[in-house]
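Only a predicted model underlies this, so the values are computations on that prediction, with no experimental measurement involved. Just follow the structure's listing: the first ligand is 1, and inside any ligand the first atom is 1.
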Amino acid sequence: MVIKVISFDVDGTLVDASFADLVWREGMPRLLAAKEGITFQEAREILDRRYDDIGEEDLRWYLPGYWWEDLDLPGTPEDLIREYAHRVEVFPEVEGVLQELMGEYELIACSNAAREFLEVSLLDLCGYFGHTFSSTTDFQMVRKFPDFYRHVCTILKVRPGEVVHVGDHPKFDYQVPRASGMTAYHLDRSGDAKGRETVGDLREFRDALAGLD
Ligand SMILES: [Mg+2]
């Protein structure tokens, strides 16, 4: 089948994942501390407990709007997230590879990060992507479950066999899209993982793609 769409995970694949952590673990405690008149450390402990209580399997954990309302934080999530925009680090090979691929395929970005984060993460790369999808904001799913990939194909009007996905999560970027009928590659930037469909960076991914034709 002819490949039409190349789908990229975002955190850990296109950009370093630490930017969102800074917002959750530095920016939000800072706002909470100022509002409550407590120390940064105290605010951080309160927030860490709240994050744990909600937990990563709960959609609310991912959605900045929930936390702003729950904690009555000043300003908007977008304001705080934008403050950290300069901390987004795009991996060095990414732009060159996207540039090479964009003429030949439709490029999309698929993440479970909330859209507020996704837009800032992709600020310098948005010109490459025809569509971006947030599993949490767009489909109310905490992970890229099979239905996520099904929805994406429906929206793009392509069959799973016409899509190649790459990302750094062994289950949600490799096993799930594969089981959904896509071609998938697991990106392991540490170079520890081995396998026919494992790549160490996006240049290796591009080379693997060329081998598919
Ligand atoms: Mg990732």
Side-chain angles (χ1 to χ4, degrees), residues 5-25 51 55-59 61-64 81 84-85 87-98 101 105 107-126 128-153 156 160 163-180 182-195 197-206 208-209:
V5 174
I6 312 292
S7 163
F8 295 86
D9 169 53
V10 177
D11 291 338
T13 299
L14 301 173
V15 304
D16 186 285
S18 57
F19 145 75
D21 285 348
L22 281 168
V23 175
W24 293 111
R25 308 209 65 237
Y51 294 154
E56 290 183 40
E57 302 308 314
D58 188 319
L59 186 64
W61 193 88
Y62 297 85
L63 302 177
I81 295 169
Y84 284 87
R87 302 294 292 269
V88 173
E89 279 188 52
V90 178
F91 289 112
E93 86 283 13
V94 167
E95 281 214 66
V97 170
L98 295 178
L101 296 178
Y105 305 98
L107 309 185
I108 65 170
C110 288
S111 175
N112 70 336
R115 188 155 286 285
E116 292 91 331
F117 285 98
L118 198 53
E119 289 195 339
V120 174
S121 296
L122 295 177
L123 218 48
D124 291 338
L125 302 173
C126 59
Y128 296 106
F129 298 106
H131 286 83
T132 60
F133 296 96
S134 156
S135 73
T136 44
T137 305
D138 300 341
F139 307 125
Q140 291 75 52
M141 284 180 219
V142 296
R143 303 267 190 274
K144 292 178 283 190
F145 294 126
D147 271 351
F148 169 83
Y149 290 104
R150 237 170 270 143
H151 289 323
V152 167
C153 287
L156 297 179
V163 182
V164 179
H165 178 79
V166 62
D168 67 320
H169 197 291
K171 180 167 180 194
F172 296 107
D173 289 313
Y174 178 64
Q175 289 168 17
V176 173
R178 251 191 120 210
S180 308
M182 296 176 172
T183 300
Y185 286 87
H186 175 219
L187 171 67
D188 177 51
R189 289 187 178 276
S190 74
D192 293 340
K194 297 274 176 274
E197 283 144 347
T198 300
V199 291
D201 63 27
L202 292 183
R203 258 186 239 108
E204 280 182 41
F205 169 68
R206 173 206 57 198
L209 261 186

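Between the side chains of R178 and Y149, no donor-acceptor pair is found at a separation under 3.5 Å.
Heavy-atom minimum distance, D168 versus G12: OD2-CA, 3.7 Å. For V142 against T136, the heavy-atom pair with the smallest separation is CA-CG2, 4.0 Å. The two atoms that bring F148 and S134 nearest to each other are CE1-C, 4.4 Å, heavy atoms only.
By the 30° and 60° cut-offs, the orientation of the rings of Y51 relative to W24 is perpendicular.
Near-neighbour remark for the Mg ion (ligand 1): protein N, O or S atoms under 2.8 Å are D9 OD2, D11 O, D168 OD1; waters not counted.
By the neighbour-count criterion of 12 heavy atoms within 6.0 Å, atom CD of E89 is sparsely surrounded, having that number or fewer from other residues, nucleotides or ligands.
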